[in-house]
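For reference, the structure is listed below as structure tokens.
Every heavy atom of this structure was used, including side-chain atoms; hydrogens, water molecules and symmetry mates were not. Per chain, numbering begins at 1; letters A, B, ... match sequence-line order. No experiment lies behind these values; they were computed from the predicted model shown.
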Amino acid sequence: MPELPEVETVRLGLNKFLPGLKVKSVSFDWPKGFPNSKRLVDTKLIGSSILKVDRRGKVIIIPLSSGYSLLIHLKMTGQLVFTKDHDRFGAGHPNDSLVSKLPDRSTRVTFVFNNDARLYFNDQRKFGWVKLEASNGLYENNAFLKKLGPEPLEKDYTYEQFRNALSSRKKSTIKAVILDQTVLAGVGNIYADEGLFAARIHPAEKVENISQIKLRRLFKALIEIMSLSISLGGSSDRNYVDAEGKRGSYLKFAKVFRREGQDCPECGGKISKIRVAGRGTHVCNRCQKLKTSIDKK
DNA sequence: CACTTGACCTGTCCGC
DNA sequence: TGCGGACAGGTCAAGT
């Protein structure tokens with residue numbers, strides 16, 4: 001999915017349109033993806049108004065006037081697209097839109113508002129979910145939210161927090177650790193690879209083999225790269241779009257992600273694609289030297 | 001325990 | 001063109 005910068009871009013877009021709208025009806029065809037009972041939906045969602053749109057890690061959180069909140073996780077292929085009226089797509093930007101018509105066959109949930117605006121939750125692979133939970137104590141009660149590590153783009157997030165979270169994971173590969181949402185919330189495969197390249201750390205390096213200088217560089221790089229990506233509307237590798245159905249342009253500036261076979265922009269060597277922490281991983285072996293002894297694969 | 005691997009799904013791309 | 005297999009931005013349960 002959408003990682004922190006993509007989810008934040010969706011949040012910013014939804015926040016322009018949704019607050020104040022009242023939910024008139026909702027339809028969904030994928031019970032696993034929207035597991036709440038019809039009764040809860042009828043009493044806590046239908047007829048309530050949207051207060052605002054928040055984000056925690058990769059989760060969109062929409063508090064409602066009913067005292068309940070919608071939680072939405074886009075996972076790998078989720079989209080949240082708003083339309084001002086159901087005949088026009090992309091909130092008035094049809095020419096920039098990646099999708100031409102909604103709902104489409106990946107639409108799992110459709111929210112209809114009193115003014116006939118709509119919010120479509122699309123999810124090709126059906127990994128994503130929408131849940132309705134009580135707003136009071138949500139961040140401490142929700143099983144997913146309560147485990148999340150700090151928000152990396154908050155002003156008060158420090159290198160010391162980052163280093164301390166890593167200190168109990170010395171035997172793990174650095175990529176596995178920064179992908180762990182309990183260490184810090186929001187990094188996914190794209191920004192892990194880009195951040196590690198910027199810090200000149202090999203993704204398969206064991207944490208214990210990495211110098212403080214490099215870890216500090218990684219901490220800084222992750223924050224800078226994700227901030228830059230938000231300013232560019234995120235990354236559209238496959239089907240990510242923002243709340244208006246538009247693609248993001250960060251990948252044009254990516255140095256290694258999806259660039260296997262191309263020349264490294266720093267040293268001119270070849271970028272290769274390997275597997276680390278079970279994920280496709282992009283690396284320049286000349287810029288990102290591995291100290292950890294290679295156990296044969 | 002800490003870490004790794006498969007499962008959850010659908011769609012697309014690549015090689016034969 | 002058709003078909004099988006690998007793979008895709010995330011997370012969890014089950015395995016070692």
List the atom pairs, donor and acceptor, that lie under 3.5 Å between side-chain atoms in residues 223-230 of chain A and the rest of the protein, sequence neighbours left out.
unit_1: A:Ser227; atom_1: OG; unit_2: A:Ile223; atom_2: O; d: 2.7
unit_1: A:Ser229; atom_1: OG; unit_2: A:Tyr191; atom_2: OH; d: 2.6

May I have the distance from [X] (atom [atom1]) to [N] (atom [atom2]), rounded to whole angstrom?
| X | N | atom1 | atom2 | answer |
| --- | --- | --- | --- | --- |
| A:Ile190 | C:dA8 | CD1 | C1' | 11 Å |
| A:Tyr191 | C:dG10 | OH | C1' | 14 Å |
| A:Ile174 | B:dT4 | CD1 | P | 13 Å |
| A:Asn122 | B:dC9 | CG | P | 18 Å |
| A:Arg279 | C:dT11 | CZ | P | 8 Å |
| A:Met76 | C:dC12 | CE | P | 14 Å |
| A:Trp129 | C:dG10 | CH2 | C1' | 11 Å |
| A:Arg105 | B:dC9 | CZ | C1' | 14 Å |

Partners passing ring pair (Phe, Tyr, Trp, His ring centres under 6.0 Å) against [X] (at least two apart in sequence or in another chain):
| X | value |
| --- | --- |
| A:Phe113 | none |
| A:Tyr68 | none |
| A:Phe144 | A:His73 |
| A:Phe162 | A:Phe219 |

A:Arg11 with A:Asp54: basic N within carboxylate O range, under 4.0 Å
no
Identify the heavy atoms of A:Cys267 and A:Arg286 that sit nearest to each other, and give their distance.
O-NH1, 3.5 Å
Name the stems that DNA chain C belongs to, where each is three or more consecutive Watson-Crick or G-U pairs with both distances under 3.5 Å?
B:2-8 with C:10-16, B:10-16 with C:2-8
Pick base, sugar-phosphate or nothing for [X], based on heavy-atom distances below 4.0 Å to the nucleic acid.
| X | result |
| --- | --- |
| A:Arg108 | nothing |
| A:Gly280 | sugar-phosphate |
| A:Ser235 | base |
| A:Asn189 | sugar-phosphate |
| A:Gly188 | sugar-phosphate |

Using the [atom1] atom as the reference point in each nucleotide, state the distance between [N] and [M] in Å, no decimals.
| N | M | atom1 | value |
| --- | --- | --- | --- |
| B:dG6 | C:dA6 | C1' | 15 Å |
| B:dG11 | C:dT1 | P | 23 Å |
| B:dC9 | C:dC3 | P | 25 Å |

Under 6.0 Å from the ring centre and within 45 degrees of the ring axis: does the NZ or CZ of A:Arg216 meet both conditions for the six-membered ring of A:Tyr159?
yes
Does A:Arg200 qualify as a cation-pi partner of A:Phe197, given the criterion of NZ or CZ under 6.0 Å from the six-membered ring centre and within 45 degrees of its axis?
yes
Hey, is the side chain of A:Lys273 poking within less than 4.0 Å of OP1 or OP2 on C:dA8, counting only N and O atoms?
yes
Can you give me the N/O atom pairs linking the protein to nucleotides 6-8 of chain B at distances under 3.5 Å, or say none if there are none?
unit_1: B:dC8; atom_1: O3'; unit_2: A:Lys32; atom_2: NZ; d: 3.3

Quick one: do A:Ser135 and A:Ser69 satisfy side-chain hydrogen bond (donor to acceptor under 3.5 Å, both in side chains)? Show the steps, please.
CA-CA 5 Å; A:Ser135 302; A:Ser69 292; 2.7 Å; yes
Closest to side chain of [X], choosing from [options]:
| X | options | value |
| --- | --- | --- |
| A:Gln124 | B:dG11, B:dC9, C:dG10 | B:dG11 |
| A:Gln181 | B:dT10, C:dT11, C:dA8 | C:dT11 |
| A:His73 | B:dG11, C:dG10, C:dC12 | C:dG10 |

Matching residue for A:Gln79 among A:Asn122, A:Asp123, A:Thr107 - test: side chain to side chain donor-acceptor pair (under 3.5 Å):
A:Asn122
Can you find a heavy atom in the side chain of A:Ile174 that is under 4.5 Å from one in the side chain of A:Leu196?
yes
Find every protein N or O atom lying less than 3.5 Å from an N or O atom of nucleotides 1-3 of chain B, and list the pairs.
unit_1: B:dC3; atom_1: OP1; unit_2: A:Ser172; atom_2: OG; d: 2.5
unit_1: B:dC3; atom_1: OP2; unit_2: A:Arg169; atom_2: NE; d: 2.7
unit_1: B:dC3; atom_1: O5'; unit_2: A:Ser172; atom_2: OG; d: 3.1

Whichever of A:Phe257 and A:Phe144 has its nearest DNA chain C nucleotide further upstream toward 5'
A:Phe257
Give every residue pair that meets the side chain to side chain donor-acceptor pair (under 3.5 Å) criterion with at least one member in residues 146-155 of chain A, sequence neighbours excluded.
A:Arg55-A:Glu151, A:Arg56-A:Glu151
Of all pairs that satisfy side chain to side chain donor-acceptor pair (under 3.5 Å), the ones with a partner from residues 174-190 of chain A, not counting sequence neighbours
A:Arg169-A:Asp180, A:Lys175-A:Asn189, A:Lys175-A:Asp193, A:Lys175-A:Thr281, A:Asp180-A:Thr182
Who are the side-chain hydrogen bond (donor to acceptor under 3.5 Å, both in side chains) partners of A:Lys270, not counting sequence neighbours?
A:Asp263
Taking N or O atoms only and anything under 3.5 Å, show me the protein contacts with nucleotides 3-6 of chain C, one pair per line.
none

